[in-house]
Amino acid sequence: MKGVGVGEKVYAALRSVGAYTPQRCVSNKELETQIDTSDEWITRRTGIKTRYFATAEQKSSDLGIEAAKVALQRAKMLPSDIDLVIVGTLAPDFIAMPSTACIIASALGIHDRPAFDISAACSGFIYLLSVAKAYIESGMAKNILIVGAEKVSSVLNPQDRGTYILFGDGAGAAIISATQDKELSILNVHISADGQYQDYLMTPRSEINKKEIMQCMSMKGNEVFKIAVHKLADEVKHILEECNMGPKDIQYFVPHQANYRIIKAVGDLLNFDSSQIVLTVDKFGNTSAASIPMAINMLYENNQLKRGSRLLLDALGGGLTWGSAILHFDGE
Ligand code: UT7
């Protein structure tokens with residue numbers, strides 16, 4: 001990896017974003033025909049109206065590659081400019097190896113550079129940001145491609161109405177680059193985890209007919225809901241305090257898109273105005289590590305993101321893992 005000039009104070013900045021949404025849109029009405037649920041229940045309890053599912057042939061890497069191409073192009077960068085590729089996914093192409101990051105890097109023409117995956121489920125994007133920030137501030141890299149690539153449908157049990165209705169597929173990518181301008185940088189990232197809650201949200205392996213291994217998500221939805229509201233409210237409160245800021249100092253609050261009721265509860269507890277809160281859960285459902293970059297991408301494509309826009313992020317997911325970040329957009 002390339003080094004950065006010795007002795008210069010370097011910060012990490014969000015240079016560009018990109019996203020990819022699979023073509024097939026699945027409405028709540030369509031799910032009503034497959035599983036014991038209703039559009040009314042899903043809308044009232046989650047805020048979700050539609051989600052998108054990848055094709056049988058598409059893998060998480062395929063979604064991630066498309067999102068990464070957009071992020072590279074918007075940053076006006078070539079694959080050779082990238083020093084490191086990191087991917088957050090709960091649905092890697094292969095269980096053990098190669099990593100989805102290696103597959104994405106190679107498809108983009110990024111060779112002879114480190115690439116690895118992070119397993120932090122729905123908190124993946126915030127974990128990616130924290131690693132990218134540390135690599136850049138330590139001078140170990142100048143330009144890092146981070147990708148949340150999630151074919152979540154590949155680990156869903158179509159018979160489990162407690163999870164099947166919640167999730168969707170998608171990918172979001174970002175380029176994190178070195179800058180000397182603190183005012184345009186990633187100011188603070190906080191991540192945490194507590195494995196005592198591991199069985200609240202997991203993808204256990206089960207044997208079918210002594211031949212096939214199935215790996216499907218199971219979730220104690222109610223318990224996760226309560227922990228999410230409490231932990232995320234704490235997270236946001238602390239990161240704002242650490243940065244000596246209040247809700248009014250934030251332009252856009254971009255929470256992980258798991259459930260509208262969680263987002264609203266945290267927003268209300270911390271006195272955010274609904275106009276500050278970015279919502280995509282109605283359209284995409286929960287796309288795990290892709291949800292935050294897909295939401296930032298929506299802001300970008302709606303022309304709402306300007307150089308210097310200040311964002312607050314939060315997420316909680318399997319592990320349990322959670323985290324938050326305060327950062328600026330440093331792109332065009
Ligand atoms: O991104 C990772 C983090 N994940 C999350 O943050 C998800 C957190 N959890 C949630 O979002 C919510 O707990 C769920 C949306 C999963 C469930 O909502 P809930 O309000 O907590 O419902 P519940 O589990 O307490 O179930 C209420 C009722 C039950 O029926 P009874 O026992 O009251 O007769 C369920 O069987 O709703 C029933 N139910 C459904 N009904 C129709 C559960 N799922 C469905 C469904 N359609 N899909």
Side-chain angles (χ1 to χ4, degrees), residues 26-51 88-91 118-128 148-153 155-170 172 191-195 197-203 216-236 254-267 269 279-282 284-295 313-324:
V26 179
S27 66
N28 293 345
K29 284 274 170 211
E30 181 176 340
L31 293 184
E32 281 181 0
T33 65
Q34 298 167 18
I35 196 166
D36 180 17
T37 191
S38 67
D39 176 32
E40 189 277 325
W41 190 95
I42 302 173
T43 307
R44 185 164 45 84
R45 300 278 180 141
T46 72
I48 299 167
K49 294 301 282 183
T50 56
R51 74 286 293 142
T89 182
L90 59 69
I118 282 183
S119 172
C122 297
S123 314
F125 191 73
I126 295 184
Y127 271 63
L128 291 170
E150 297 281 29
K151 186 178 179 179
V152 188
S153 61
V155 296
L156 292 178
N157 176 354
Q159 259 89 54
D160 178 12
R161 66 178 184 169
T163 53
Y164 196 65
I165 53 114
L166 294 175
F167 291 87
D169 300 335
I191 54 171
S192 193
D194 195 338
Y197 305 114
Q198 59 190 273
D199 62 338
Y200 281 27
L201 181 49
M202 63 191 326
T203 51
C216 279
M217 185 188 300
S218 72
M219 178 168 72
K220 295 181 182 173
N222 222 257
E223 285 85 338
V224 177
F225 187 100
K226 286 181 210 142
I227 293 182
V229 172
H230 156 79
K231 286 270 184 230
L232 292 173
D234 269 6
E235 266 299 318
V236 171
V254 189
H256 169 51
Q257 308 284 316
N259 185 322
Y260 173 69
R261 290 188 298 138
I262 297 176
I263 296 171
K264 169 120 180 51
V266 174
L269 278 170
L279 289 172
T280 60
V281 68
D282 54 334
F284 300 128
N286 181 347
T287 57
S288 183
S291 90
I292 290 175
M294 286 173 81
L313 318 179
D314 77 9
L316 178 135
L320 292 181
T321 56
W322 59 91
S324 58

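Atoms within a ligand are numbered from 1 in the order they appear, just like the ligands themselves.
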Selection from I262, N259, V229 by shortest heavy-atom distance to atom 6 (O) of ligand 1: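 Going through I262, N259, V229 one by one, I262 has the nearest heavy atom to atom 6 (O) of ligand 1.
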Straight-line distance of E223 CD to L320 CG, nearest 0.5 Å: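 So the CD of E223 and the CG of L320 are separated by 10.5 Å.
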Students should be able to answer this: which protein heavy-atom is nearest to atom 18 (O) of ligand 1, and at what distance?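 Closest protein heavy atom to atom 18 (O) of ligand 1: R261 NH2, 3.6 Å.
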Any side-chain heavy atom of F284 within less than 4.5 Å of one from I48?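 Not in contact.
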Considering distance alone, does some N or O of G221 sit under 3.5 Å from an N or O of ligand 1?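 Yes, since at least one N or O of G221 sits under 3.5 Å from an N or O of ligand 1.
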Within-shell test, L201 vs ligand 1, heavy atom, strictly < 4.0 Å: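 Within the 4.0 Å threshold, so yes.
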Separation between CE of M217 and CG of N157, rounded to the nearest 0.5 Å: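 CG of N157 is found 10.5 Å from CE of M217.
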Pair V155-C216, side-chain contact (heavy atoms from CB on, under 4.5 Å): steps then yes or no: CA-CA 5 Å; V155 296; C216 279; 5.9 Å; no
Strictly by modelled atom types, are S291 and Q257 linked by a side-chain donor-acceptor pair under 3.5 Å?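 No, because no side-chain N or O of S291 sits under 3.5 Å from a partner of the opposite role on Q257.
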Subset of ligand 1 atoms that lie under 4.0 Å from at least one heavy atom of L166: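 Those qualifying, in numeric order: 15 (C), 16 (C).
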What's the spacing between Y127 OH and I118 CD1 if we round to 0.5 Å?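 The CD1 atom of I118 is 9.0 Å from OH of Y127, to the nearest 0.5 Å.
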Could you tell me whether atom 30 (O) of ligand 1 has at least one protein heavy atom nearer than 4.0 Å?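 No; the ligand atom in question lacks any protein heavy-atom contact below 4.0 Å.
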Any idea which atoms of ligand 1 are less than 4.0 Å away from a heavy-atom of L316?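 Selected atoms, number and element: 1 (O), 2 (C), 3 (C).
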Evaluate the 4.0 Å heavy atom contact test for atom 11 (O) of ligand 1: does a protein atom fall under the cut-off?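 It does: a protein heavy atom is found less than 4.0 Å away from atom 11 (O) of ligand 1.
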If the cut-off is 4.0 Å to any non-hydrogen atom of T46, which atoms of ligand 1 fall inside it?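 Here the atoms of ligand 1 in question are 15 (C).
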Do any N/O atoms on N286 end up under 3.5 angstrom from N/O atoms on ligand 1?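 Yes, N286 has an N/O under 3.5 Å of an N/O on ligand 1.
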Considering only heavy atoms of A258, which atoms of ligand 1 have at least one such atom less than 4.0 Å away?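 Close to A258: 1 (O), 5 (C), 6 (O).
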Applying the side chain to side chain contact (heavy atoms under 4.5 Å, CB included) test to R51, which of I42, L166, V281, D282 qualifies?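 Going through the options one by one, the only one that passes is I42.
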For atom 47 (N) of ligand 1, the protein heavy atom that lies nearest, with its residue and separation: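 In this structure, atom 47 (N) of ligand 1 has T37 OG1, 2.7 Å as its nearest protein heavy atom.
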N or O pair under 3.5 Å between R45 and ligand 1: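 By distance alone, the answer is yes.
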Within-cutoff protein neighbour (heavy atom, under 4.0 Å) for atom 34 (O) of ligand 1: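 So atom 34 (O) of ligand 1 lacks protein heavy-atom neighbours under 4.0 Å.
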What atoms of ligand 1 come within less than 4.0 Å of a heavy atom belonging to V224?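 In order of number, 3 (C), 4 (N), 5 (C), 6 (O).
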Could you measure the distance from the CG atom of L31 to the CG atom of D36? Nearest 0.5 Å is fine.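 So the gap between those two atoms works out to 12.0 Å.
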Part of W41 within contact of ligand 1 (heavy atoms, under 4.0 Å):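 The part of W41 near ligand 1 is the side chain, not the backbone.
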Applying ring pair (Phe, Tyr, Trp, His ring centres under 6.0 Å), name anything that partners Y197, two or more places apart in sequence or on another chain.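 Expected list: Y200.
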Taking heavy atoms and a distance under 4.0 Å, where does T163 meet ligand 1: side chain, backbone, both or neither?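 Contact part for T163 vs ligand 1: neither.
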Protein contact to atom 2 (C) of ligand 1 [nearest heavy atom, distance to 0.1 Å]: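 Result: C122 SG, 3.4 Å.
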Calculate, to the nearest 0.5 Å, the distance between atoms CZ and CZ belonging to R45 and F225 respectively.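 Rounded to the nearest 0.5 Å, the CZ-CZ separation comes to 9.5 Å.
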I need the contact type for N222 against ligand 1. Using non-hydrogen atoms and a strict under-4.0 Å cut-off, is it side chain, backbone, both or neither?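 Contact part for N222 vs ligand 1: both backbone and side chain.
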Check side chain to side chain contact (heavy atoms under 4.5 Å, CB included) between K29 and all other residues, then give those that pass, not counting sequence neighbours.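 Partners of K29 under the side chain to side chain contact (heavy atoms under 4.5 Å, CB included) test: S27, E32, D39.
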Can you tell me how far the OG1 atom of T37 sits from the CD atom of E40, to the nearest 0.5 Å?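 Here the rounded value is 9.5 Å.
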Protein heavy atom under 4.0 angstrom of atom 15 (C) of ligand 1, is there one?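 Given the 4.0 Å cut-off, atom 15 (C) of ligand 1 counts as touching protein heavy atoms.
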For atom 38 (C) of ligand 1, which of E32, R44, R161 has the closest heavy atom?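 Nearest option to atom 38 (C) of ligand 1, by heavy atoms: R161.
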Do D169 and S153 pair up side chain to side chain, a donor and an acceptor below 3.5 Å, judged on atom types alone?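 Result is yes, a qualifying pair exists.
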